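In what follows, a single structure is set out as structure tokens and then discussed.
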Amino acid sequence: MSEAVTVQVNGENRQAPAGSTVTALLAQLGLNSGRVAIEHNLQILPKSKWDETHVTNGDRFEIVQFVGGG
């Protein structure tokens with residue numbers, strides 16, 4: 001079993017497997033990666049960086065999910 005790291009997502013502490021990428025974190029949270037914007041440690045994280053950015057202990061994420069409707 002791999003170790004877990006603690007990250008903060010939208011103000012709540014969450015556990016993620018050590019070495020997870022941001023893309024894997026989104027999947028763990030059940031979020032559609034095509035409909036979100038992510039701030040990582042107070043910086044906007046471009047979608048092109050999600051697969052190469054690994055979550056580490058103490059990281060802070062703000063994730064905004066876009067909702068369509070009419």
Side-chain angles (χ1 to χ4, degrees):
M1 185 169 159
S2 65
E3 291 185 36
V5 295
T6 301
V7 297
Q8 192 175 85
V9 178
N10 295 347
E12 295 183 19
N13 287 335
R14 302 281 186 133
Q15 298 292 310
S20 293
T21 63
V22 171
T23 301
L25 177 64
L26 289 176
Q28 178 185 340
L29 296 171
L31 296 174
N32 179 341
S33 63
R35 301 182 59 101
V36 298
I38 301 174
E39 181 183 273
H40 175 229
N41 296 330
L42 304 176
Q43 298 289 321
I44 298 297
L45 186 63
K47 189 171 187 171
S48 62
K49 300 287 187 186
W50 293 0
D51 285 333
E52 63 189 59
T53 302
H54 294 271
V55 300
T56 58
N57 207 38
D59 277 353
R60 295 177 61 190
F61 294 93
E62 291 295 325
I63 301 175
V64 177
Q65 187 169 11
F66 301 106
V67 179

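Atoms considered below: every heavy atom in the structure, side chains included; atoms not considered: hydrogens, waters and symmetry mates. Index from 1, following the sequence. Everything quoted here is computed from the prediction, not taken from an experiment.
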| note | Closest heavy-atom pair, A16 versus V55, reported as atoms and distance to 0.1 Å, is CB-CG2, 4.1 Å
| field | Gap separating the CD atom of Q65 from the CG atom of N10, nearest 0.5 angstrom | value | 10.0 Å
| query | Roughly how far, to the nearest 0.5 Å, is CZ of F61 from OG1 of T53? | reply | 8.0 Å
| query | What residues form a side chain to side chain donor-acceptor pair (under 3.5 Å) with D51, not counting sequence neighbours? | reply | T23
| query | Can you list the steps and then say if L25 with Q28 is a side-chain contact (heavy atoms from CB on, under 4.5 Å)? | reply | CA-CA 5 Å; L25 177 64; Q28 178 185 340; 4.3 Å; yes
| request: Give, for atom CG of L26 and atom CZ of R35, the distance between the pair rounded to the nearest 0.5 Å. | output: 14.0 Å
| If every non-hydrogen atom of L31 is compared with every non-hydrogen atom of V36, which pair is closest and at what distance? | CB-CG1, 4.4 Å
| query | With E62, which residues qualify under side chain to side chain donor-acceptor pair (under 3.5 Å), at least two apart? | reply | none
| Got a second to check how far I38's CD1 is from S33's OG, nearest 0.5 Å? | 8.5 Å
| said: Checking N41 now: which residues fulfil side chain to side chain donor-acceptor pair (under 3.5 Å) with it, not counting sequence neighbours? | reply: D59
| request: May I ask you to decide if V7's main-chain N or O and R14's side chain share a donor-acceptor pair within less than 3.5 Å? | output: no
